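Just so you know, these numbers come straight off a predicted model, no measurement behind them. Lettering of chains follows the sequences in order, A, B, ..., and the numbering in each one begins at 1.
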2 protein chains.
Amino acid sequence: MADIARLAGVSTSTVSRALSHSPLVNQETRDRILDLARSLNYTINIGAQNLRLQQNRTVAVVIPIDQSSRQQLSDPFFLSMLGSLADALSEQGFDTLVSRVDADRVDAASAPFDGGRAIGVILIGQGRHHDQLNKMAARGVPFVVWGAQLPQQLYTTVGGDNVTGGRLATERLLAQGRRRIAFLGDTTLPEVEQRYRGHVQALAAHGIAPDPQLQVAVSFLPESGGQAVAELARRGVDYDAMFASSDLLAMKAIHAMRAQGRDVPADVAVVGYDDIELSGYFHPPLTTIGQPRDVAARALVDALLVLVDGRSAPSVKLPTELIARASA
Amino acid sequence: MADIARLAGVSTSTVSRALSHSPLVNQETRDRILDLARSLNYTINIGAQNLRLQQNRTVAVVIPIDQSSRQQLSDPFFLSMLGSLADALSEQGFDTLVSRVDADRVDAASAPFDGGRAIGVILIGQGRHHDQLNKMAARGVPFVVWGAQLPQQLYTTVGGDNVTGGRLATERLLAQGRRRIAFLGDTTLPEVEQRYRGHVQALAAHGIAPDPQLQVAVSFLPESGGQAVAELARRGVDYDAMFASSDLLAMKAIHAMRAQGRDVPADVAVVGYDDIELSGYFHPPLTTIGQPRDVAARALVDALLVLVDGRSAPSVKLPTELIARASA
DNA sequence: GTGAAAGCGCTAACAA
DNA sequence: TTGTTAGCGCTTTCAC
């Protein structure tokens with residue numbers, strides 16, 4: 001900026017004003033400065049501007065990962081949510097800073113905010129540490145979580161209606177005459193727990209008591225789908241249907257069942273969750289519960305901006321719908 | 001920092017030194033300051049620190065998107081590359097700033113660097129605008145591209161060995177006695193063009209001339225796979241194999257062929273490209289060309305850091321391998 | 001319509 | 001071992 005000022009024979013104040021299109025500066029001077037800036041490929045230093053203006057157009061998007069499994073983030077649903085968030089944020093003129101945190105230390109997600117790098121944080125996935133999030137909220141960190149609404153929650157969540165989702169999935173299977181429905185999912189995660197609750201509700205409505213033998217507590221590990229099917233086989237338990245708490249899990253399980261010579265949907269009808277892009281192209285095309293990423297992303301961003309504004313943002317429960325395809 | 005200084009009864013310099021664990025400051029003073037900082041939930045303002053230090057630990061990861069189709073970024077390969085990059089960068093202590101640019105204006109990718117937000121840029125995908133990238137390089141922007149190595153290239157690329165990849169895929173199909181191999185891909189993209197070149201080489205080695213009727217110039221659009229299969233049907237052209245330039249495309253095409261009653265691999269053997277996670281769980285499990293994301297991500301980051309260091313970084317061609325599964 | 005000066009939060013040379 | 005001071009690149013009040 002000093003260079004431009006010198007070349008234009010004005011002060012840096014004038015350059016600053018010209019670059020911000022201030023009407024205070026003479027039209028002609030302004031044009032000269034803008035031309036100069038362009039020809040020098042000059043761009044304003046955003047860090048310095050932010051510092052001076054005490055503002056910031058950056059939002060941190062943080063993904064908790066299970067350190068124990070050291071797994072790369074790979075669930076297409078989360079990845080695609082990240083894409084949608086980047087879109088929604090840039091639509092609103094915000095930059096997106098991506099980072100991961102250990103799922104056991106989700107409170108570390110506030111780092112970009114604490115360090116003044118971001119005006120707020122969007123957490124994709126809530127993990128098991130409700131308490132850490134509550135503390136973070138108490139500390140005044142503006143953040144929004146993609147996840148389930150929980151009792152005594154001091155922070156804002158945006159999430160699908162997991163109970164209804166679980167119910168819809170199970171009802172679909174029941175409607176097809178299936179009665180022995182395996183449930184695959186890690187119910188220590190609030191979202192999955194709610195889906196399981198919906199599942200049990202639907203069973204109850206049909207007078208069926210949930211059979212613990214049919215519930216497999218897989219975590220979201222690489223080989224989880226295959227392991228779950230193996231576990232069911234080991235238990236020697238009979239099942240004619242399966243509700244998997246993610247499409248990825250469902251696909252892996254179907255793959256494993258196929259290796260056992262079981263046909264989907266003839267032998268086992270399967271419903272997944274998330275409606276990732278590939279679900280429709282899978283064989284058989286996967287019946288699943290839709291969670292619209294772009295709507296979710298916009299809701300997350302909107303809620304965060306409200307928080308940043310100092311107002312309080314209510315948690316949002318987005319409607320879910322059954323996407324009926326061939327697998328069930 | 002001023003608050004802490006006041007409370008600790010020292011100057012901000014001392015606080016600054018204490019926070020950076022400088023040995024210059026008295027052990028006891030340092031502990032007092034660090035305790036104070038912790039109890040106040042104080043974190044250094046990175047923007048100010050960067051400004052003062054003229055440094056920066058942020059790298060921009062930019063994804064070109066086809067504005068015409070306004071499609072959400074959805075190819076799992078790119079998304080998963082983004083994940084691997086975020087991992088590789090944070091391993092090296094860098095933050096990741098994500099943004100998109102119009103594929104027709106890839107030179108806009110330099111914005112985060114120009115604005116001092118990032119020390120360099122990693123571009124996932126090269127697009128069609130070699131010239132814009134060359135100009136960007138001439139301007140001195142430190143950036144690395146995931147893509148194909150081209151003649152007269154002033155910038156650094158890291159990419160798979162696409163020609164070999166194309167050759168391996170086609171040889172696999174030829175080895176199974178297939179002779180009428182459809183090629184699906186947008187050959188205006190350098191990477192795809194190179195894969196096509198490898199394809200033609202393999203055909204030539206078997207004395208087969210490429211049949212233009214078998215080449216379908218799909219772009220990476222949502223319905224591209226289905227459209228391509230429809231197009232082949234419209235042309236009334238016979239084929240007993242298919243080489244798709246991405247796994248996503250392959251899966252969509254297989255889905256469409258199945259709807260036509262054609263069996264994979266019995267009627268049509270299919271080879272994809274990328275080896276995305278779901279390829280192994282697809283039905284039939286997809287034979288494909290592996291492009292290791294984590295290795296690629298590390299290579300991209302390493303190359304960028306060399307550039308940022310002011311040195312020149314050679315382009316890298318990573319080995320590709322055939323992942324043999326059931327689809328071919 | 002323009003410039004001088006102060007200050008955003010931080011660090012480092014220099015002095016004590 | 002610590003403090004004083006200047007300055008990173010920018011914006012804005014105040015004065016002219």
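Looking at A/R100 and B/D87, a side-chain N of the basic residue comes within less than 4.0 Å of a carboxylate O on the acidic one, giving a salt bridge. Residues A/R105 and A/D102 are not paired through a salt bridge, judged by the lack of any N-O separation under 4.0 Å between the basic side chain and the carboxylate.
The base of C/dG3 sits with one of its N or O atoms less than 3.5 Å from a complementary donor or acceptor on the side chain of A/R17. Under 3.5 Å, the side chain of B/S16 and the base of C/dA12 form no donor-acceptor pair of N or O atoms.
For the OP1/OP2 pair of C/dG3 and a distance below 4.0 Å, the side-chain nitrogens and oxygens of A/T14 include at least one atom meeting the criterion. Regarding contacts with the backbone of D/dG9, a side-chain N or O of B/Q54 is found under 4.0 angstrom from either OP1 or OP2. For A/S13, no side-chain nitrogen or oxygen approaches OP1 or OP2 of C/dA4 to under 4.0 Å.
Side-chain rings of B/F113 and B/F143 stay apart, their centers remaining 6.0 Å or farther from each other.
Annotation: side chain to side chain contact (heavy atoms under 4.5 Å, CB included) contacts of A/A299 (sequence neighbours excluded): A/V158. Partners of B/T188 according to the side chain to side chain contact (heavy atoms under 4.5 Å, CB included) rule, which considers only residues two or more places apart in sequence or in another chain, are B/R128, B/D186.
For A/D114 and C/dG9, the CG to P distance is 16 Å, given to the nearest whole Å.
When distances are taken from the side chain of B/L51 to each of D/dT11, C/dC10, C/dG9, the shortest belongs to C/dG9. Side-chain atoms of B/R52 lie closest to D/dC8 of the nucleotides C/dT2, D/dC10, D/dC8.
With B/V61 as reference, B/I124 is the one residue of B/L97, B/L123, B/I124 to meet the side chain to side chain contact (heavy atoms under 4.5 Å, CB included) rule.
B/S20 comes within 4.0 angstrom of nothing in the nucleic acid, heavy atoms only.
Each of A/T12 and A/R30 was matched to the nucleotide of DNA chain C holding its nearest heavy atom; the match closer to the 5' end belongs to A/R30.
Within residues 36-44 of chain A, no residue has any heavy atom under 4.0 Å from DNA chain C.
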